[in-house]
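FYI, side chains are in, hydrogens and waters are out, and symmetry mates aren't considered; it's all heavy atoms of this structure. Just follow the structure's listing: the first ligand is 1, and inside any ligand the first atom is 1.
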Amino acid sequence: MSKGLFITATGTDIGKTYVTALLVKKLREANFNAGYYKAALSGADNIAESDAGFVNRIANIHQDEQTLLSYLYKNAVSPHLAAKIEGNPVEKDTVISDYATVQKNYDYVTVEGSGGIICPIRYDDKAKYFLTDIIKWLHLPTLIIADAGLGTINSVVLTVEYLKHQNIKVQGIILNNYTGGIMQEDNIKMIEDLTDIPVIALVKPNDKDIDIDAKFLASLYL
Ligand SMILES: Nc1ncnc2c1ncn2[C@@H]1O[C@H](COP(=O)(O)OP(=O)(O)OP(=O)(O)O)[C@@H](O)[C@H]1O
Ligand SMILES: C[C@H](N)[C@H](N)CCCCCC(=O)O
Ligand SMILES: [Mg+2]
């Protein structure tokens with residue numbers, strides 16, 4: 001049976017797509033049949049130039065483009081606002097059935113979120129959906145991507161507390177753009193102490209591989 005893991009972050013542009021590409025690549029190089037899915041993507045003209053196209057290329061998935069995501073909006077704003085501008089708001093049934101299609105073809109599906117954990121996905125008279133609704137519809141545990149630098153203690157603890165409040169499982173934290181030094185080393189310790197969630201990997205600027213055991217990584221998918 002196919003398993004999944006939802007990649008969220010402390011905000012937009014933190015590196016969800018960059019790190020997801022390395023994670024899926026790691027799984028595939030260890031012969032795990034790993035694929036990708038993103039429900040709502042905003043700020044791209046086409047799939048190839050989007051987050052989904054990037055992960056498909058870097059991780060060598062060769063996944064059918066149409067199955068990588070459900071909604072593509074051109075405007076680089078939150079999906080709820082993009083849908084107000086462009087139409088085509090997110091439908092729950094579409095997300096659930098598109099994810100099931102990816103699950104049919106891949107044993108380990110990495111699902112990328114949009115923005116940070118409180119990203120509105122649809123906000124109109126008919127429905128109000130947030131990222132956390134998607135996580136719950138798909139019954140996924142999460143992995144948090146955060147910046148390694150100054151300010152990350154606050155952002156990570158707030159994100160973890162919100163996820164706990166929503167009864168969503170957090171499997172680990174990955175710090176991105178890690179360059180070392182006393183402050184960034186202390187960030188790791190403080191984040192682990194304050195959240196009780198392990199920092200499972202560090203990604204440096206321009207890293208082409210992620211230092212994590214593929215079997216351990218696969219064990220985080222539920
Ligand atoms: N470790 C890294 N080394 C080099 N470039 C990076 C690294 N992490 C992120 N980037 C770059 O920073 C930018 C933002 O990263 P990314 O697109 O992965 O963010 P995101 O969290 O997926 O954003 P969104 O909320 O739009 O999905 C991209 O141009 C990406 O290539
Ligand atoms: C367009 C951008 N790159 C993201 N995909 C969407 C970010 C939405 C953030 C919403 C917010 O928290 O204010
Ligand atoms: Mg992204």
Side-chain angles (χ1 to χ4, degrees), residues 5-26 35-59 61 63 68-86 88-90 95 109-124 128-135 142-149 151-152 154-156 158-159 162-163 166 173-181 184 187-188 199-212:
L5 182 65
F6 190 94
I7 309 296
T8 188
T10 50
T12 187
D13 273 339
I14 290 292
K16 292 183 299 294
T17 301
Y18 193 94
V19 176
T20 295
L22 299 185
L23 293 173
V24 179
K25 184 172 168 227
K26 170 70 65 170
Y36 173 92
Y37 175 70
K38 177 154 174 164
L41 203 156
S42 48
D45 285 335
N46 55 64
I47 299 171
E49 289 167 24
S50 74
D51 293 4
F54 179 86
V55 177
N56 206 14
R57 261 192 317 280
I58 300 296
I61 315 179
Q63 188 172 332
L68 293 163
L69 49 88
S70 293
Y71 294 88
L72 178 66
Y73 303 105
K74 289 191 189 321
N75 285 265
V77 295
S78 179
H80 83 282
L81 180 58
K84 278 186 187 169
I85 298 166
E86 300 172 30
N88 197 23
V90 169
V95 171
V109 184
T110 309
V111 182
E112 183 185 342
S114 313
I117 195 60
I118 316 184
C119 186
I121 297 299
R122 173 175 180 171
Y123 206 85
D124 58 30
K128 292 184 177 34
Y129 298 143
F130 290 83
L131 204 60
T132 43
D133 292 310
I134 294 178
I135 297 170
T142 59
L143 188 62
I144 298 170
I145 313 301
D147 186 69
T152 204
N154 175 65
S155 314
V156 171
L158 285 173
T159 300
Y162 189 75
L163 283 161
Q166 293 275 331
I173 298 157
I174 293 180
L175 297 182
N176 189 27
N177 282 310
Y178 183 79
T179 52
Q184 295 200 1
N187 282 344
I188 300 171
V199 173
I200 60 167
L202 303 169
V203 175
K204 298 195 185 84
N206 301 312
D207 268 0
K208 301 292 175 239
D209 284 296
I210 185 162
D211 186 11
I212 192 168

Closest to atom 23 (O) of ligand 1 (heavy atoms only, candidates Asp13, Thr10, Val203) is Asp13
Which option out of Glu112, Lys16, Lys208 puts a heavy atom nearest to atom 25 (O) of ligand 1?
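The option holding the nearest heavy atom is Lys16.
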Would you say Lys38 has any N or O atom under 3.5 Å from an N or O of ligand 1, going by distance alone?
yes
Looking at ligand 1, does any of its N/O atoms fall within less than 3.5 Å of an N/O of Gly113?
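Checking ligand 1 against Gly113, no N or O pair falls under 3.5 Å apart.
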Do [X] and [Y] touch side chain to side chain, with heavy atoms closer than 4.5 Å?
{"X": "Ser70", "Y": "Tyr37", "result": "yes"}
{"X": "Val95", "Y": "Tyr129", "result": "no"}
{"X": "Ile173", "Y": "Val156", "result": "yes"}
{"X": "Tyr178", "Y": "Ile188", "result": "yes"}
{"X": "Leu163", "Y": "Ile144", "result": "yes"}
{"X": "Ile7", "Y": "Ile145", "result": "yes"}
{"X": "Tyr36", "Y": "Asn56", "result": "no"}

Counting only non-hydrogen atoms of the protein, does one fall under 4.0 Å from [atom]?
{"atom": "atom 11 (C) of ligand 2", "value": "no"}
{"atom": "atom 12 (O) of ligand 1", "value": "no"}
{"atom": "atom 5 (N) of ligand 2", "value": "yes"}
{"atom": "atom 4 (C) of ligand 1", "value": "yes"}

Supply the atom-to-atom distance Ser78 OG to Ile121 CD1, rounded to the nearest 0.5 angstrom.
6.5 Å
At under 4.0 Å between heavy atoms, which part of Ile118 makes contact with ligand 2: side chain, backbone, both or neither?
neither
Select one of side chain, backbone, both or neither to describe which atoms of Ser42 lie under 4.0 Å from any atom of ligand 2, heavy atoms only.
both
Do NZ/NE/NH1/NH2 and the carboxylate oxygens of Asp209 and Lys25 come within less than 4.0 Å?
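Counted as a salt bridge, because a side-chain N and a carboxylate O are separated by less than 4.0 Å.
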Exceeds 12 heavy-atom contacts within 6.0 angstrom, atom CG of Asp211:
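Incorrect, the count does not exceed 12.
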Would the number of heavy atoms belonging to other residues, nucleotides or ligands and lying under 6.0 Å from NZ of Lys204 be above 12?
no
Considering only N, O or S atoms of Glu112, the one closest to the Mg ion (ligand 3)
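It is OE2, the N, O or S atom of Glu112 closest to the Mg ion (ligand 3).
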To 10 degrees, how wide is the angle OD2 (Asp51) to the Mg ion (ligand 3) to OG1 (Thr17)?
90°
Structural part of Asp51 in contact with ligand 1, heavy atom criterion under 4.0 angstrom:
side chain
Ligand 1 versus Asn176, non-hydrogen atoms closer than 4.0 Å: side chain, backbone, both, neither?
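The answer is the side chain.
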Considering heavy atoms of the protein only, find what lies nearest to [atom] and give residue, atom and distance to 0.1 Å.
{"atom": "atom 18 (O) of ligand 1", "result": "Tyr18 N, 2.9 Å"}
{"atom": "atom 16 (P) of ligand 1", "result": "Gly15 CA, 3.7 Å"}
{"atom": "atom 8 (C) of ligand 2", "result": "Ser78 CA, 3.7 Å"}
{"atom": "atom 2 (C) of ligand 2", "result": "Thr12 OG1, 3.6 Å"}
{"atom": "atom 26 (O) of ligand 1", "result": "Thr12 OG1, 3.5 Å"}

Ala9 near ligand 1 by a heavy-atom separation under 4.0 Å:
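Checking ligand 1 against Ala9, which is what was asked, there is no heavy-atom contact under 4.0 Å.
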Residue-ligand contact Asn206/ligand 1, heavy atom below 4.0 Å:
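For ligand 1, residue contact (heavy atoms, under 4.0 Å) with Asn206 is present.
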So which atom in [X] and which in [Y] form the shortest heavy-atom distance, rounded to 0.1 Å?
{"X": "Gly15", "Y": "Asn176", "result": "CA-ND2, 3.6 Å"}
{"X": "Tyr162", "Y": "Ile117", "result": "CD2-CG2, 3.8 Å"}
{"X": "Ile210", "Y": "Leu22", "result": "CG2-O, 3.6 Å"}

Within the 4.0 Å heavy-atom shell around Ala76, which atoms of ligand 2 are there?
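Here the atoms of ligand 2 in question are 1 (C).
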Within a distance under 4.0 Å of any heavy atom of Gly115, pick out the atoms of ligand 1 and give their elements.
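This gives 25 (O) as the contact atoms.
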Per-atom contacts of ligand 1 with Pro205, taking only distances under 4.0 Å to non-hydrogen atoms:
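It comes down to these atoms of ligand 1: 1 (N), 3 (N).
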